[in-house]
Amino acid sequence: MRNEEVIALLYTLADVLEIRGDEELFKILAYRRAARSLEDLAEDVEQVRREGRLRRVPGVGEAIAEKIEEFLSTGRLEYLERITDGFPRGLLEMLRIPGLGPKKVQALWRELRITTVDELREACEKHRVSHLKGFGERTEEKILAGIKLVREASGRRLIAEAWEVAEQVVAHLREHPAVARVAAAGSFRRMKETVGDLDFLVLSSRPADAAKAFTAMPLVQEVVASGDTKSTVLFQGGLQADLRVLEARSWGSGLQYFTGSKDHNIHLRTIAAAKGLKLSEYGVFRGDEPIAGDTEEGVYAALGLPYIEPELREDAGEIQAAQEGKLPHLVRLEDVKGDFHAHTRLTDGVNTLEEMAAAAEARGYAYLGLSEHSPSLAVARGIDADTARIRKKEIAGFNRRSKGIQLLFGTECDILKDGSLDYPDDVLKEFDYAVVSVHSHFQLPLQEQTERVLAAVAHPSANVLAHPTAVKFGERKPIDVDLEKVFEECAQRGTAVEINSGGNRMDLNGAQARLARGRGCVLATDTDAHSTAELGTMPFAVGLARRAWLEAKDVINTWDYERVKAFFR
DNA sequence: GCCGTTTTCGGCCCGACTGTTTTCAGTCG
C-alpha cells in the first residue's frame, strides 16, 4: 500500500505552492481535496491505478491522475522537484505552527531568510520578527508558544481516548445553569476512528457564562482563543477543543455545520446555492429570511433531502443516495445481541468466564463468544487442545445453569506463516466457531501475505477473519494484503470479516468495511475484550459499521443465537 | 486543478477570532 505516500505527496504539493504564493488558491485547494479523498479510499491506490480508475476518485482529474501515475511508476514527481528547487523543506515544518500560515511563512523566508523552525525560534527570541510588517510582539510570543506545542502534540488520537474527555466535558457543561443543551460534534460525532480535536456546541441565553464554564474547566491547560460565540482550549494531554455557543433557531444548522465533514458541507452548500438558498451555521436562508435552522432534520429538508446520519457524512455518495431515497437503515448499538471476540484469564484476559458472562448479560446480550488464543501465541498463553476441552466442559456447564445468556465455545486461532491454522483439523471441529487472526510475520510481501490469509479464510473451520489488516494505531502499520481478494474469498466461503474495536486497533476501518460489504461479505463487530470493561468498546465497532453503511442484516452480532449457530456450522 | 439539473467556461462554502491595523489581512475550521 502506497496510499500514505501519495496523500503526503499531494499535501506537500499544496503546501509548497501555497508558500511560494505564485499559484491561485483554487489549484491548491484542489490538491488538498484530492488528498482528503484518498484518505477515505479503502483500496490500494496502486490497484486503482492499474485498473485505470484513478479519475473516478472524487477530486482527482486529469492533471492529478497523471501526477499520481508518474509518482507511482517512477517514485518521483518532476513537477514537485521543479517547484522545490531552491525551496527550503523547513518551511513546510514551519507551516505546522499554529498561527503561521503560508503568507507569514513566506514573509519570514523572503524578508528574514528564515528556513527552519530552529532559526525561527532564535529570531523570535532576538525580537527580529516583530519588526516585520503584519507581525508584532504578540505574534512572536504566539510563535514561540506554538513551536513548543507542535513538539509536544501528537496529532490525531483514537476515538476511544477522546471519548473519555468528551464525556467529562459534556457532563460538566450539562450541569451548568447557563447551558440549556450540549452536544459533541465534529469527526467525533461521525465516529471516525481517530479524531484531531473535539467540537462542543451549547445552547445558552448567557453565552459569556457558558464559554467561561468551558474555559475554566480544571482539565483545560491553556485557553487558545475566546470570543463571544467561539472559544478554543487545549486540554491536558494536548487534545484541542472548540466550543461554539448557539441560539435555539440555529441549533440544528450549527450541529449540522460543526459535524461536517468539510466535503459533505461543501456539497450541501452547492445544493443550497443551486436552489437559490444560502446555508451557514446560522441556518438556511432565502435572501435574508431564515427558512430552517432549529433542527438538523429541518436543514436537510430545506435542501430537499431526508435526514442523513452523521456517520455517513463524508461526501462519499450519501448525498446522492439521499436524493434517490436510497439511504441505508444503519445498524444500531441496540441491535447487537452479542460479541464473538473476548478473552478470559485462561489466556491473556483479566476476568473469569463467569465475570465476562455477567458483564455481557448486563449489556443485554443474548450470547457471548469466548475466543481464547491458540498455542503458537505463547506470549498470550495460548492453550493446547486438552485445555480447550476443559474449557468446553466449563462452557457447557455454564450454559446448562444459565437462565439467560449463552456462551459460545470459540477460539482465536493463529494463522501460521504458511496460511495453515494453529490447531489440527479434528481439534478445530470441536469448537463452536473459530476466529482466525494474523499475530506474526507482519512483514511478508504482498503476494505471500495475501495467499497466507486467503488460505486461512478458505479453511472449512474458519468463521471470522479477525482484525484483517493487523494495524495498531501509533504502533504498527497494516500488513501488506490485498483486501479485495480476501473479501471476495470470505464472501465465497461464508467467512465473516471482523470490525475490531479492541486495544488500539479499529480494524477494519469504515471505508474498508464498506468495501467488504460491497464484495458480498457479512461482518462481525467485536471488541476483542480482555476484561469486562473492554466489552464497552462495542459502540466504536458499531460506529465503524455505520460508517461502512452496514445494516443490521449485514452484521452477524445482530442475529439471534440459533441463526448464529447455524451460520457457524 | 476540478467539475457540471445554471455551466466544457467560469465558477469554486462561509464565518469567527486575532493581531495589527485604523478598515483589514491572515489564519483557522
Side-chain angles (χ1 to χ4, degrees), chain A residues 10 13-14 17-19 21 23-37 54-68 79 94-108 129-143 145-146 185-187 195-201 207 211 223-233 240-246 250 253-254 256-285 303-304 315 319-320 323-324:
Chain A
L10 293 174
L13 269 176
L17 289 174
E18 198 170 24
I19 295 173
E23 287 289 354
E24 65 174 317
L25 190 61
F26 289 111
K27 184 167 170 176
I28 290 157
L29 293 177
Y31 283 119
R32 297 218 170 100
R33 158 124 172 79
R36 281 202 306 277
S37 184
L54 273 179
R55 291 199 55 181
R56 300 242 290 271
V57 177
V60 176
E62 192 181 344
I64 292 182
E66 270 176 22
K67 290 185 172 70
I68 295 175
Y79 175 63
M94 284 164 61
L95 209 51
R96 304 280 163 274
I97 298 168
L100 280 192
K103 297 291 193 301
K104 286 206 160 81
V105 168
Q106 187 190 48
L108 291 164
V129 169
S130 55
H131 303 305
L132 283 182
K133 186 164 188 292
F135 290 73
E137 283 180 28
R138 286 283 297 136
T139 316
E140 269 181 350
E141 289 168 23
K142 274 191 80 165
I143 289 172
S187 54
V195 299
D197 64 1
L198 290 172
D199 303 276
F200 298 99
L201 307 178
V223 179
V224 180
S226 65
D228 291 341
T229 61
K230 180 184 169 183
S231 323
T232 302
V233 302
Q240 183 174 304
D242 292 338
L243 178 82
R244 300 293 292 233
V245 183
L246 303 174
S250 299
S253 47
Q256 194 288 315
Y257 177 81
F258 290 109
T259 296
S261 68
K262 188 185 186 70
D263 291 322
H264 177 88
N265 287 357
I266 289 172
H267 196 155
L268 285 191
R269 282 163 195 267
T270 312
I271 290 174
K275 290 179 182 293
L277 304 172
K278 191 180 72 163
L279 170 65
S280 77
E281 59 260 55
Y282 298 107
V284 183
F285 297 86
L303 303 180
D315 196 23
I319 292 172
Q320 193 187 352
Q323 286 169 328
E324 294 168 356

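FYI, side chains are in, hydrogens and waters are out, and symmetry mates aren't considered; it's all heavy atoms of this structure.
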(request) With heavy atoms under 4.0 Å as the rule, sort A:Lys67 into base, sugar-phosphate or nothing. (result)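 Answer is sugar-phosphate: A:Lys67 comes under 4.0 Å of backbone atoms only.
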(request) For B:dC14, take OP1 and OP2 only and decide whether either is under 4.0 Å from a side-chain N or O of A:Arg269. (result)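 For B:dC14, OP1/OP2 do not have a side-chain N/O of A:Arg269 under 4.0 Å.
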Proximity to the side chain of [X] - top-ranked nucleotide from [options]:
{"X": "A:Ala63", "options": "B:dC14, B:dC2, B:dC12", "answer": "B:dC2"}
{"X": "A:Tyr282", "options": "B:dG15, B:dT18, B:dC2", "answer": "B:dG15"}
{"X": "A:Lys142", "options": "B:dT6, B:dG15, B:dT18", "answer": "B:dT18"}
{"X": "A:Ile64", "options": "B:dC14, B:dT20, B:dC2", "answer": "B:dC2"}
{"X": "A:Arg244", "options": "B:dC14, B:dA16, B:dG1", "answer": "B:dA16"}

(message) When you measure from the side chain of A:Ser231 to the backbone of A:Gly227, do you find a donor-acceptor pair of N or O atoms at a distance under 3.5 Å?
(response)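 The answer is no, because no donor-acceptor pair under 3.5 Å joins these two groups.
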(request) State the pairing partner of B:dA16; accept Watson-Crick or G-U wobble contacts with both distances under 3.5 Å, and report none otherwise. (result)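 When the pairing criteria are applied, B:dT27 turns out to be the nucleotide that pairs with B:dA16.
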(message) Pairing donors with acceptors under 3.5 angstrom, does anything connect the side chains of A:His264 and A:Asp315?
(response)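 A:His264 vs A:Asp315: no donor-acceptor pair found between side chains.
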(request) Encode nucleotides 22-29 of chain B as B, S and - characters from 5' to 3', where the letter depends on protein heavy atoms closer than 4.0 Å: B to the base, S only to sugar-phosphate, - to neither. (result) ----SSSB
(message) Could you check whether A:Glu18 pairs with A:Lys103 (Lys NZ or Arg NE/NH1/NH2 to Asp/Glu carboxylate O, under 4.0 Å)?
(response)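 The answer is no: the pair does not qualify as a salt bridge.
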